[in-house]
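Notes to accompany the following structure.
Count residues from 1 along the sequence.
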Amino acid sequence: MDDAIDLTEVSLERLTQDYPPLGSTEPDVVIFGHSLGGLLALSWQSALEPNQKRLEPLQIFTVEPAPSTELGIPGPIILLLKLFSVPFATEPLEIKDTGGKLTLPVTILHGADDEIVPPKEWIKRPFFGKQANYDYIASTTKQLYFSLSDPNNSELEAFHNQAVTNTGYFSPDLFEQFGSVKNGANAYNFIIIWPWLLGVVDKNILPQDLASELPPEIVKVSLTLSKKNNATKLVLSVLLGLAGLAAIGYWAWSSGVI
């Protein structure tokens, strides 16, 4: 987080050296981030020092942001990292800690079929949590959009890599996990994401007004996440649970415990 801010400040200094007229005006800053970069973008305001006011953005726009740096990492690995005092694990970055200082306009675009950072991570309250991750964002000018896959158009896939311009460097096995278009940009990259980003940068369009910038005959974006049929998963979970209980019962009986 500190590196991201410091590098931005250094870049601005270099720009004013190369183009002196820029030094006489305050920059208009818009922060954009994808995946873990989206979490950094959403945590940007909380990390700024009082003397870094010129880096305070007009708006923040993120795609598939992770609500925590621990998301997607198996629990045993997190415990191992903490055992070795790895800062990534001992001091995780989490929206529940940084969202309270996010008071600027913020837009989140999340693919409904994202399996790397499931969209429900933003709207579903954890079992032991006080509220959903999206509700930790203090801004009163915020909007969460869900892009929807088009079953009739393979280029409109609302997966984790909507914002990525090329996933050809992924191996086939890894690509199966990340989804999106194998070579070339996902269509949502240039139909939604960059037009919205340009709208924010050039016109300062507010989050709730971005949907009106889309061609409705091509793009499907929703303000709500439809529930998927998880009946098969539920049946499998119940069967596995019963099998586990049966195995434990058999072990206890054969061992003379019961």
Is there a side-chain contact between L22 and P27 (heavy atoms, below 4.5 Å)?
no
If you compare all heavy atoms of I137 against all heavy atoms of W122, which two are closest, and at what distance to 0.1 Å?
CD1-CZ3, 4.3 Å
Could you grab the distance from atom CZ of R14 to atom OH of Y19, nearest 0.5 Å is fine?
10.0 Å
Do the side chains of I60 and L206 join up, straight or via other hydrophobic residues, at under 4.5 Å, putting them in one cluster?
no
Is there a donor-acceptor pair under 3.5 Å between the side chain of S149 and the backbone N or O of A158?
yes
Between A138 and G100, what is the shortest heavy-atom contact and its length?
CB-O, 3.4 Å
How many angstroms lie between CG in L93 and OG in S68, if you round to the nearest 0.5 Å?
7.5 Å
Taking K96 for the side chain and K130 for the main chain, is one N or O donor matched with an acceptor at less than 3.5 Å?
no
Quick check: does any side chain N or O of N189 sit under 3.5 Å from a backbone N or O of A163, one acting as donor and the other as acceptor?
yes
Approximate separation, where rounding is to 0.5 Å, of L156 CG and I191 CD1
5.0 Å
Check the pair I108 / L42 against side-chain contact (heavy atoms from CB on, under 4.5 Å), numbers first and verdict last.
CA-CA 9 Å; I108 297 176; L42 295 172; 4.3 Å; yes
So do L48 and E56 actually touch side chain to side chain, heavy atoms under 4.5 Å?
yes
Common cluster, M1/L55, ILVMFWY with side-chain heavy-atom separation under 4.5 Å
yes
In Å and rounded to the nearest 0.5 Å, what is the OG to CD distance from S147 to E157?
11.0 Å
With S43, which residues qualify under side chain to side chain donor-acceptor pair (under 3.5 Å), at least two apart?
T98
I'd like to know if R54 and E13 make a salt bridge, using a cut-off of under 4.0 Å between side-chain N and carboxylate O.
yes
Starting at OG1 of T69, measure out to CD1 of I95 and round the result to the nearest 0.5 Å.
11.5 Å
Mind listing the closest non-hydrogen atom pair of A211 and Y145 along with its distance?
N-OH, 3.6 Å
Heavy-atom pair with the smallest gap, counting every atom of H160 and S35:
NE2-OG, 2.9 Å
Report yes if the side chains of L104 and I31 come closer than 4.5 Å at any heavy-atom pair, otherwise no.
no
Side-chain heavy atoms of I5 within contact of E49, under 4.5 Å:
no
Does the side-chain hydrogen bond (donor to acceptor under 3.5 Å, both in side chains) test come out yes or no for Q59 and T107, once each step is laid out?
CA-CA 8 Å; Q59 289 197 50; T107 301; 4.5 Å; no
Whether over 12 other heavy atoms sit under 6.0 Å from K82 NZ:
yes
Applying side-chain contact (heavy atoms from CB on, under 4.5 Å), run through L71 and E94 and close with a yes or a no.
CA-CA 10 Å; L71 184 66; E94 299 182 292; over 6 Å; no
If you group Ile, Leu, Val, Met, Phe, Trp and Tyr by side-chain heavy-atom gaps below 4.5 Å, do Y136 and L40 land in one group?
no
Closest contact, heavy atoms only, P207 versus P105:
CD-CB, 3.9 Å
Are L223 and I192 in one and the same hydrophobic cluster, where Ile, Leu, Val, Met, Phe, Trp and Tyr link if side-chain heavy atoms are under 4.5 Å apart?
yes
As an exercise, state the distance from CG of D2 to CG of L7, rounded to the nearest 0.5 Å.
10.5 Å
Ring pair (Phe, Tyr, Trp, His ring centres under 6.0 Å) between W194 and F32: does it pass, once the steps are laid out?
CA-CA 10 Å; W194 294 111; F32 173 80; 5.4 Å; yes
Measuring only between side-chain heavy atoms, which start at C-beta, is I123 closer than 4.5 Å to L225?
yes
Quick one: are H110 and V117 in side-chain contact, heavy atoms under 4.5 Å?
yes
Between W196 and L109, which heavy-atom pair has the shortest distance, and what is it?
CZ3-CD1, 4.2 Å
Indicate yes or no: at least one non-hydrogen side-chain atom of H34 is less than 4.5 angstrom from one of E64.
yes
Check for me, please, whether L148 and I116 land in the same ILVMFWY cluster - side-chain distances under 4.5 Å, paths through other members count.
no
